[in-house]
**Student:** 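One structure, as structure tokens, below. Some questions next.
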Amino acid sequence: MNILQIHSSARADGSHSSRLARDIVERLQASLPGDEQAQLTVRDLGRTPHPELGEAALQALFTPAEQRTPAQAARVALDDALIAEVQAADVLVLGVPMYNFGVPAALKNWIDAISRAKVTFTYTEKGPVGLLKGKKVYLALTRGGQYRNTPADTQVPYLKTVLSFLGMTDIELVYAEGLAMGPAAEQQALAAAQAQIEALFGAEAVAA
Ligand SMILES: Cc1cc2nc3c(=O)[nH]c(=O)nc-3n(C[C@H](O)[C@H](O)[C@H](O)COP(=O)(O)O)c2cc1C
């Protein structure tokens with residue numbers, strides 16, 4: 001099994017979403033049968049930001065490969081590397097903080113990089129078809145406030161839409177909310193997130 005663990009917090013230390021993503025990966029690895037080894041790739045978009053999809057990147061992408069300048073080829077290769085990681089993954093575990101009611105720009109840049117026509121999605125006469133199929137996705141969602149299942153939570157509809165568009169429809173959500181609402185609320189939120197992880201990977205869940 002190949003696991004791709006993605007962090008998108010800007011915080012190098014003390015990130016709750018990165019911590020929860022790590023916890024999910026550890027529980028996932030522990031739930032595997034004894035003879036199954038997991039290959040883990042960690043992509044930290046906070047420490048190693050991916051460049052945004054600016055004009056130069058668009059021009060590079062829309063230039064045929066054999067006509068690209070060395071700089072254009074190098075820019076496309078950066079996206080190719082992220083696409084290859086996702087294509088190789090059986091499971092993706094994403095740490096996703098809420099920033100100003102959306103996803104961190106670092107995560108948006110990753111989404112822009114992996115969303116490539118005819119490679120990770122395609123259009124047919126029946127509409128779009130995602131090409132990243134057969135993958136499981138876990139989202140570790142951390143927020144200062146509490147927005148789960150409210151119209152203010154634009155993250156979850158957005159992520160479900162774009163991941164499903166790319167073919168990744170099997171998505172589990174783990175929430176830690178209210179992290180800025182005082183120490184008691186923070187502890188409660190982190191305990192609730194651990195309980196959600198336990199429900200996903202506990203002995204009963206694995207046996208089912
Ligand atoms: C720049 C910034 C913007 C934020 N915007 C929101 C927000 O819109 N809603 C919210 O509930 N929390 C917001 N927060 C709080 C974070 O979601 C919360 O601190 C979360 O734990 C961050 O994830 P991390 O611990 O992985 O860094 C924001 C935090 C930062 C630093």
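Remember, predicted model here, so these are calculated numbers, not experimental data. Ligands are counted one by one from 1 in listed order, and the atoms in each one are counted from 1 as well. Quick note: residue numbers are just sequence positions, from 1.
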**Student:** Looking only at protein heavy atoms, identify the closest one to atom 25 (O) of ligand 1 and say how far it is in Å.
**Tutor:**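 Nearest protein contact, heavy atoms only, for atom 25 (O) of ligand 1 is Arg11 NH2, 2.6 Å.
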**Student:** Just need the protein heavy atom nearest to atom 5 (N) of ligand 1, so name the residue and atom and give the distance.
**Tutor:** Asn100 N, 2.8 Å
**Student:** May I ask you to check if ligand 1 and Ser18 share an N or O to N or O distance below 3.5 Å?
**Tutor:**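 The answer is no, given that Ser18 and ligand 1 share no N or O pair closer than 3.5 Å.
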**Student:** At what distance is the nearest protein heavy atom to atom 2 (C) of ligand 1, and which residue and atom is it?
**Tutor:**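 Looking only at protein heavy atoms, the one closest to atom 2 (C) of ligand 1 is Tyr99 CD2, 3.6 Å.
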**Student:** Based purely on interatomic distance, does Tyr147 place a nitrogen or oxygen under 3.5 Å from a nitrogen or oxygen of ligand 1?
**Tutor:**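 No, there is no polar N/O contact under 3.5 Å.
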**Student:** Determine the interplanar angle of the Tyr147 and Phe101 rings, folded into 0 to 90°, and report it as parallel if under 30°, tilted if 30 to 60°, perpendicular if over 60°.
**Tutor:** perpendicular
**Student:** Please find the pair of heavy atoms, one from Gln155 and one from Val96, that lie closest to each other, and give the distance.
**Tutor:** NE2-CG1, 3.6 Å
**Student:** Is the contact between Leu179 and ligand 1 made by the side chain, the backbone, both, or neither, using heavy atoms and a 4.0 Å cut-off?
**Tutor:** side chain
**Student:** Flag the pair Asp23 and Arg19 as a salt bridge only when some basic side-chain nitrogen lies within less than 4.0 angstrom of an acidic carboxylate oxygen.
**Tutor:**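 Salt bridge between Asp23 and Arg19, a charged N being under 4.0 Å from a carboxylate O: yes.
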**Student:** Evaluate the criterion salt bridge (charged side-chain N to carboxylate O under 4.0 Å, His left out) for residue pair Arg27 and Glu198; output intermediate values, then yes/no.
**Tutor:** CA-CA 8 Å; Arg27 293 295 277 117; Glu198 189 57 31; 2.9 Å; yes
**Student:** Measure from atom 19 (O) of ligand 1 to the protein's non-hydrogen atoms and state whether any distance is below 4.0 Å.
**Tutor:**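 No; the ligand atom in question lacks any protein heavy-atom contact below 4.0 Å.
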**Student:** What residue and heavy atom of the protein are closest to atom 8 (O) of ligand 1, and at what distance?
**Tutor:**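 The closest heavy atom on the protein side is Phe101 N, 2.9 Å.
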**Student:** Is atom CD of Gln188 surrounded by more than 12 heavy atoms (other residues, nucleotides or ligands) closer than 6.0 Å?
**Tutor:** no
**Student:** State, to 0.1 Å, how close Arg148 and Arg143 come at their nearest heavy-atom pair, and which atoms those are.
**Tutor:** N-NH1, 3.9 Å
**Student:** Among all protein heavy atoms in this structure, tell me which lies nearest to atom 11 (O) of ligand 1, with the distance rounded to 0.1 Å.
**Tutor:** Gly145 N, 2.8 Å
**Student:** Would you say Phe201 ends up clustered with Leu40 if hydrophobic residues are merged whenever their side chains have heavy atoms under 4.5 Å apart, either directly or through other cluster members?
**Tutor:**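 Yes; tracing contacts between hydrophobic side chains, which count when under 4.5 Å, links both residues.
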**Student:** How far apart are the closest heavy atoms of Ala73 and Arg68, and which atoms are they?
**Tutor:**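 Shortest heavy-atom separation between Ala73 and Arg68 comes out as N-CB, 4.0 Å.
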**Student:** So which bit of Met98 gets within less than 4.0 Å of ligand 1, heavy atoms only: side chain, backbone, both or neither?
**Tutor:**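 The answer is both, backbone and side chain.
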**Student:** Give the residue and atom name of whichever protein heavy atom lies nearest to atom 27 (O) of ligand 1, and the separation in Å to one decimal.
**Tutor:**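 So the nearest neighbour among protein heavy atoms is Ser9 OG, 2.7 Å.
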**Student:** Closest non-hydrogen protein atom to atom 10 (C) of ligand 1, residue and atom name please, with distance?
**Tutor:**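 Minimum-distance protein heavy atom for atom 10 (C) of ligand 1 reads Gly144 N, 3.5 Å.
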**Student:** Students should be able to answer this: which protein heavy-atom is nearest to atom 22 (C) of ligand 1, and at what distance?
**Tutor:**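 Result for atom 22 (C) of ligand 1: Pro97 CB, 3.6 Å.
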**Student:** Within a reach of under 6.0 Å around NZ of Lys136, are more than 12 heavy atoms found that belong to other residues, nucleotides or ligands?
**Tutor:** yes
